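Read through the structure below, which is laid out as structure tokens, and then see the notes.
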Amino acid sequence: MRFCPWYALDEAPAQTPAAPNLLQVRVARGLVAYPRGQSAMIHYEHAADARARAIELGRRWPERELWCRHLIEIDDAEPAHLAELYAKLSSEFVRRFGCLPAAPELRSPSTPSSS
């Protein structure tokens, strides 16, 4: 699986495909504290329409400077395959950091986790 370069989430209408895909969203600066380390990641998602979902996330978090990316090399774009890739990506994050990536309203990049 290969992702495209990061782009500002507010550029999603022009950058994100209007098709099934995986999305990753990260803070543009700093790191978020997780139980077993820090990461810039705050959201992973398998979306039926990646563009529409990225636009929705941008509207949900307008006050945050966030970056987004999506898969550009997909061997099989079937929903079941994308769901498997999402599950793999999520489980690897949990294994490394101790929980799923958290949305900005649930965790601040400058505040350590209370877990």
Side-chain angles (χ1 to χ4, degrees):
M1 117 176 81
R2 189 167 144 230
F3 285 88
C4 70
W6 292 101
Y7 52 89
L9 187 55
D10 61 7
E11 295 175 9
Q15 298 283 343
T16 311
N21 209 306
L22 295 184
L23 294 174
Q24 289 185 319
V25 180
R26 61 166 283 170
V27 293
R29 291 183 191 82
L31 297 172
V32 176
Y34 289 104
R36 292 197 297 258
Q38 297 182 20
S39 174
M41 297 298 175
I42 54 97
H43 186 77
Y44 290 161
E45 185 166 346
H46 165 222
D49 181 332
R51 179 183 299 155
R53 186 61 179 139
I55 290 168
E56 183 180 323
L57 291 171
R59 289 182 183 140
R60 179 177 175 191
W61 301 319
E63 73 287 354
R64 299 296 300 258
E65 187 179 354
L66 301 173
W67 291 350
C68 181
R69 69 181 182 175
H70 58 273
L71 288 174
I72 55 174
E73 289 183 2
I74 307 172
D75 294 332
D76 180 358
E78 290 298 315
H81 180 70
L82 290 173
E84 288 175 19
L85 292 175
Y86 167 77
K88 178 182 176 187
L89 191 66
S90 297
S91 68
E92 287 175 0
F93 192 93
V94 170
R95 182 182 49 78
R96 182 166 181 200
F97 295 104
C99 66
L100 288 170
E105 66 267 20
L106 301 177
R107 188 182 306 268
S108 168
S110 60
T111 304
S113 170
S114 59
S115 300

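What you are looking at is a predicted structure, and each value in this text was computed from that prediction instead of being measured.
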Checking [X] side chain against [Y] main chain: does a donor-acceptor pair fall under 3.5 Å?
{"X": "Tyr34", "Y": "Ala102", "value": "yes"}
{"X": "Arg36", "Y": "Arg95", "value": "yes"}
{"X": "Thr16", "Y": "Pro13", "value": "no"}
{"X": "Arg69", "Y": "Pro5", "value": "no"}

With rounding to the nearest 0.5 Å, note down the distance linking [atom1] in [X] to [atom2] in [Y].
{"X": "Arg29", "Y": "Leu66", "atom1": "CZ", "atom2": "CG", "answer": "11.0 Å"}
{"X": "Gln24", "Y": "Phe3", "atom1": "CD", "atom2": "CZ", "answer": "4.0 Å"}
{"X": "Glu11", "Y": "Cys68", "atom1": "CD", "atom2": "SG", "answer": "10.5 Å"}
{"X": "Leu100", "Y": "Met41", "atom1": "CG", "atom2": "CE", "answer": "13.0 Å"}
{"X": "Asp10", "Y": "Gln15", "atom1": "CG", "atom2": "CD", "answer": "10.5 Å"}

message: Walk me through whether Glu45 and Leu57 qualify under side chain to side chain contact (heavy atoms under 4.5 Å, CB included).
response: CA-CA 11 Å; Glu45 185 166 346; Leu57 291 171; 4.2 Å; yes
With hydrophobic residues grouped by side-chain heavy-atom distances under 4.5 Å, do [X] and [Y] end up in a single group?
{"X": "Leu22", "Y": "Ile55", "value": "no"}
{"X": "Tyr86", "Y": "Phe97", "value": "yes"}
{"X": "Leu71", "Y": "Phe93", "value": "yes"}

field: Shortest non-hydrogen separation from Ala50 to Pro17 and the atoms involved
entry: CB-O, 3.5 Å
field: Minimal non-hydrogen separation, Cys99 against Pro35, with atom names
entry: SG-CD, 3.5 Å
message: Closer than 4.0 angstrom, basic N to acidic O: yes or no for Arg53 and Glu56?
response: yes
task: For the residue pair Leu23 and His43, establish whether any side-chain heavy-atom pair is separated by less than 4.5 Å.
output: no
query: Does the side chain of Tyr7 reach to within under 4.5 Å of the side chain of His70, using non-hydrogen atoms?
result: yes
query: Quick check: are there more than 12 heavy atoms from other residues, nucleotides or ligands sitting under 6.0 Å from CZ of Arg96?
result: no
